[in-house]
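All values reported here derive from a predicted model rather than from experimental measurement.
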Amino acid sequence: GAMLVASPAFAQQPDRWERFVAAFDEADLVSPPLKHQIVFVGSSTIHRWDVASYFPDLKIINRGIDGTELSDAVKYIDRLVLRYEPRLVVVYAGDNDIGAGKLSEQVSVDFERFVRAVHTRLPETRILYIGIKPSPLRWLQIDRMRLANQVIKTICERDDRVAFLDFDNLMLGWDEKPRKDLYVEDGLHLSPKGYHLWSTVLRPYLVEH
């Protein structure tokens with residue numbers, strides 16, 4: 001009997017990311033962002049990107065959440081992306097997906113779902129996907145990451161509104177392994193030098209659109 005009573009409670013537990021998305025909801029009520037700007041969405045690499053410092057001349061809405069996967073960006077796309085009616089969406093997600101054991105094909109399917117959801121509501125919006133980065137911490141998973149990148153790049157090539165930005169080779173050293181100076185001590189998240197590299201390469205895409 002106790003089990004029968006307890007089971008519905010577990011089934012009704014809130015999504016682990018809801019409180020973070022709700023915090024964005026509240027912030028938007030206090031200070032509504034301008035529409036038709038640039039939205040950054042994805043995992044911790046996006047969340048920790050100090051876009052105001054690297055792109056002070058651009059209006060960017062950062063909606064990254066630490067630990068999220070690409071499927072989470074799809075699930076919350078209305079509240080993290082579509083409500084702002086952006087002219088450009090920059091996406092970095094897929095890293096945690098592979099780290100959690102997802103197949104490369106599943107990551108690419110989730111990307112297609114993301115693109116479809118955006119263009120169903122906002123057909124003129126451009127989407128730029130930053131390829132999954134090579135990192136010291138997840139180097140043993142690099143083959144699955146590169147396969148996901150390859151499939152996603154092929155998807156992007158079919159639509160002029162979607163672009164793929166690859167940082168793989170730029171982040172490797174002479175030994176063809178990730179440059180440690182581009183990462184903080186955990187070997188996963190970008191260092192200031194890493195963000196400087198990404199921001200420099202990304203800037204022309206943001207300014208053009």
Side-chain angles (χ1 to χ4, degrees), residues 17 20-21 23-24 27-28 31 33-34 37-70 72-73 76 80-81 84 86-100 107 111 114 126-142 144-146 148-149 152-153 156 163-209:
W17 309 119
F20 297 99
V21 179
F24 289 137
D28 290 345
S31 179
L34 294 174
Q37 303 301 318
I38 301 169
V39 168
F40 278 37
V41 68
S43 57
S44 56
T45 299
I46 291 291
H47 178 239
R48 301 180 182 205
W49 203 333
D50 186 1
V51 293
S53 295
Y54 287 104
F55 308 106
D57 54 325
L58 299 173
K59 299 294 184 182
I60 297 176
I61 303 167
N62 189 320
R63 289 297 177 259
I65 301 175
D66 284 9
T68 53
E69 300 179 6
L70 192 50
D72 298 309
Y76 288 107
L80 294 178
V81 178
Y84 307 112
R87 56 189 173 87
L88 172 65
V89 183
V90 176
V91 187
Y92 182 81
D95 203 326
N96 294 327
D97 311 52
I98 297 294
V107 178
F111 177 69
F114 182 92
R126 293 181 181 268
I127 301 169
L128 189 150
Y129 181 84
I130 298 177
I132 304 172
K133 66 183 185 296
S135 65
L137 182 66
R138 292 177 173 164
W139 184 242
L140 294 179
Q141 298 162 330
I142 189 62
R144 286 193 293 135
M145 292 178 171
R146 285 174 173 164
N149 283 342
I152 291 173
K153 182 178 180 181
C156 294
F164 180 90
L165 186 56
D166 189 2
F167 281 102
D168 196 331
N169 290 332
L170 291 177
M171 303 187 76
L172 303 181
W174 285 95
D175 59 357
E176 296 188 356
K177 292 184 178 179
R179 290 171 46 193
K180 293 182 178 179
D181 62 325
L182 299 179
Y183 297 86
V184 296
E185 291 183 2
D186 65 10
L188 176 63
H189 297 102
L190 295 179
S191 66
K193 193 170 184 177
Y195 276 117
H196 178 75
L197 170 64
W198 279 35
S199 299
T200 301
V201 175
L202 180 61
R203 169 171 281 280
Y205 292 87
L206 305 186
V207 173
E208 179 181 354
H209 299 300

Would you find a donor on one side and an acceptor on the other, under 3.5 Å apart, between the side chain of Asp97 and the backbone of Val107?
no
Applying ring-ring contact (aromatic ring centres under 6.0 Å, His included), name anything that partners Tyr76, two or more places apart in sequence or on another chain.
none
Derivation and outcome, side-chain contact (heavy atoms from CB on, under 4.5 Å), residues Asn96 and Arg138
CA-CA 10 Å; Asn96 294 327; Arg138 292 177 173 164; 3.2 Å; yes
Shortest non-hydrogen contact from Pro192 toward Tyr54
O-OH, 3.3 Å
Leu128 CG to Phe164 CZ distance, which is reported to the nearest 0.5 Å
9.5 Å
Return the set of residues passing side-chain hydrogen bond (donor to acceptor under 3.5 Å, both in side chains) with Thr68 (not counting sequence neighbours), or none when no residue passes.
none
For Arg146, does its backbone N or O pair with a side-chain atom of Asn149 as donor and acceptor, under 3.5 Å?
no
Within this structure, what is the CD1-CD1 distance for the pair Ile38 and Ile60, rounded to the nearest 0.5 Å?
5.0 Å
Minimal non-hydrogen separation, Ser135 against Pro178, with atom names:
C-CG, 3.7 Å
Run the salt bridge (charged side-chain N to carboxylate O under 4.0 Å, His left out) test against Asp57 and tell me which residues pass, sequence neighbours left out.
Arg203
Under the criterion side-chain contact (heavy atoms from CB on, under 4.5 Å), I'd like the reasoning laid out for Phe40 against Ile61: C-alpha separation, chi angles, the key distance, then a yes or no.
CA-CA 6 Å; Phe40 278 37; Ile61 303 167; over 6 Å; no
Rounded to the nearest 0.5 Å, how far does OG1 of Thr45 lie from CD1 of Ile132?
10.5 Å
Taking it one step at a time, do Tyr84 and Val41 satisfy side-chain contact (heavy atoms from CB on, under 4.5 Å)?
CA-CA 12 Å; Tyr84 307 112; Val41 68; over 6 Å; no
Can a donor-acceptor pair be found, under 3.5 Å and without considering hydrogens, that links the side chain of Arg63 to the backbone of Val39?
no
Set of residues satisfying side-chain hydrogen bond (donor to acceptor under 3.5 Å, both in side chains) with respect to Ser191, sequence neighbours excluded:
none
Which residues share a ring-ring contact (aromatic ring centres under 6.0 Å, His included) with Phe167, sequence neighbours left out:
Trp198
Determine the minimum heavy-atom distance between Ala93 and Ser43, stating which atoms define it.
CA-OG, 4.4 Å
In terms of heavy-atom contacts, Phe114 and Ile127 come closest through CE2-CG2, 4.3 Å
Sidechain-backbone polar pair: Asn62 side chain, Ile46 backbone, donor-acceptor under 3.5 Å:
yes
Stepwise, does the salt bridge (charged side-chain N to carboxylate O under 4.0 Å, His left out) test hold for Lys153 with Asp166?
CA-CA 9 Å; Lys153 182 178 180 181; Asp166 189 2; 5.7 Å; no
I would like to know whether Ile65 and Phe24 meet side-chain contact (heavy atoms from CB on, under 4.5 Å); could you show each step before the answer?
CA-CA 10 Å; Ile65 301 175; Phe24 289 137; 3.8 Å; yes
Taking the side chain as every heavy atom from C-beta outward, state whether Val90 and Leu206 have any atom pair closer than 4.5 Å.
yes
In terms of heavy-atom contacts, Asp168 and Pro134 come closest through OD1-CG, 3.7 Å
Test item: Tyr195 side-chain N/O and Val51 main-chain N/O as donor-acceptor pair under 3.5 Å
no
All heavy atoms of Met145 vs all of Lys133, minimum pair found to be SD-O, 3.8 Å
Anything under 3.5 Å between a donor and an acceptor, one on a side chain of residues 170-177, the other on a protein residue two or more places apart or in another chain? List them.
residue, atom, partner, partner atom, Å
Asp175, OD1, Lys177, N, 3.1

